[in-house]
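Report on the structure given below.
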Amino acid sequence: MSRARMKQLRRKRKLQLLCRRGMTIGMTFVLILFLSVIGSHMTAKATAREHTDAVKYFANIEVQPGDTLWSIAKEHMTEEYSSIPAYVKDIASVNDMLPCTMIKSGEYIILPYYE
């Protein structure tokens, strides 16, 4: 075999190895992505099952001087909420406002809660 032919065969083998490595890396990425989606889906179902016994209600409260959405959330949050920011987001959503909205004394807001 000539040197040119041997060089050409070596290049071809290198390209084949690179393609195999690339496919292996790609398949590994797809597998990790698939497993993470499945894992998050299972976690979401488990979380939803925990809340099936609780019923969501709504209360109307008057905002007092010095109140903020965060202080109200700290005071009224039930255990069904994962965090104060999650509860603030739900309060804001129910009241058609942003979580950073300033509330004023004398206003009435709706508070969601579970029982």
Side-chain angles (χ1 to χ4, degrees):
M1 242 193 259
S2 70
R3 284 187 172 186
R5 178 72 178 141
M6 287 178 66
K7 197 173 185 179
Q8 187 180 24
L9 287 173
R10 283 187 196 133
R11 276 193 205 145
K12 187 176 179 181
R13 283 186 201 144
K14 281 183 181 180
L15 284 174
Q16 287 173 342
L17 283 174
L18 285 174
C19 285
R20 286 183 190 158
R21 285 183 187 156
M23 287 183 61
T24 303
I25 291 171
M27 292 302 289
T28 303
F29 176 74
V30 168
L31 180 63
I32 290 171
L33 183 64
F34 175 76
L35 291 175
S36 66
V37 168
I38 293 296
S40 66
H41 180 70
M42 291 172 68
T43 303
K45 278 189 171 182
T47 304
R49 276 190 224 119
E50 291 174 6
H51 298 300
T52 56
D53 296 338
V55 177
K56 191 173 190 177
Y57 294 98
F58 299 91
N60 197 14
I61 66 158
E62 183 178 1
V63 177
Q64 300 301 312
D67 279 349
T68 64
L69 285 179
W70 290 81
S71 66
I72 291 170
K74 285 179 187 176
E75 185 178 338
H76 295 279
M77 185 174 89
T78 56
E79 65 186 27
E80 287 78 14
Y81 289 96
S82 60
S83 64
I84 292 174
Y87 189 43
V88 168
K89 185 176 178 181
D90 199 18
I91 293 171
S93 174
V94 167
N95 288 281
D96 196 28
M97 61 175 70
L98 296 172
C100 59
T101 301
M102 299 294 289
I103 54 176
K104 297 178 186 138
S105 177
E107 290 181 332
Y108 284 87
I109 61 170
I110 300 167
L111 292 183
Y113 66 96
Y114 288 92
E115 246 183 37

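Fair warning: this is a prediction, and the values are worked out from it, not measured in the lab.
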In this structure, would Ile38 and Leu31 fall into the same cluster of hydrophobic residues linked by side-chain contacts under 4.5 Å? yes

Phe58 CZ: over 12 foreign heavy atoms closer than 6.0 Å: yes

Drop me the distance from Glu115's CD to Glu80's CD, to the nearest 0.5 angstrom. 9.5 Å

Should Met97 and Val88 be counted in the same cluster of Ile, Leu, Val, Met, Phe, Trp and Tyr side chains packed under 4.5 Å apart? yes

Are Pro112 and Tyr81 close enough that some pair of their side-chain heavy atoms sits under 4.5 Å apart? yes

At what distance, to the nearest 0.5 angstrom, does CD of Gln8 lie from CZ of Arg13? 11.5 Å

Show your working on side-chain contact (heavy atoms from CB on, under 4.5 Å) between Thr101 and Leu98 and close with a plain yes or no. CA-CA 5 Å; Thr101 301; Leu98 296 172; 3.6 Å; yes

Out of curiosity, does Leu9 fall in the hydrophobic cluster containing Met6 (side-chain heavy atoms, cut-off under 4.5 Å, transitive links)? yes

What one should report as the nearest heavy-atom pair of Pro99 and Leu69 is O-CD1, 3.5 Å

To the closest 0.5 Å, what do you measure between CZ (Arg3) and CZ (Arg10)? 9.5 Å

To the nearest 0.5 Å, what is the distance between OG on Ser71 and CD1 on Ile84? 10.0 Å

Tell me if a side-chain donor or acceptor on Glu75 pairs with a main-chain N or O of Ile72 at a distance below 3.5 Å. no

Worked verdict on Met102 versus Thr68 for side-chain contact (heavy atoms from CB on, under 4.5 Å): CA-CA 7 Å; Met102 299 294 289; Thr68 64; over 6 Å; no

Roughly how far, to the nearest 0.5 Å, is CE of Met77 from CD1 of Ile91? 10.0 Å

side-chain contact (heavy atoms from CB on, under 4.5 Å) evaluation trace for Tyr87 with Leu111: CA-CA 9 Å; Tyr87 189 43; Leu111 292 183; 3.9 Å; yes

Tell me the closest heavy-atom pair linking Asp67 and Val63, and the distance in Å. CB-CG1, 3.7 Å

Ionic contact status for Asp90 with Lys56, cut-off 4.0 Å: yes

Separation of Ile32 CD1 from Thr28 OG1 (nearest 0.5 Å): 6.5 Å

With the 4.5 Å side-chain cut-off for hydrophobic clustering, are Trp70 and Ile61 part of the same group? yes

Residues Ile109 and Asn60: closest non-hydrogen pair is O-OD1, 3.1 Å

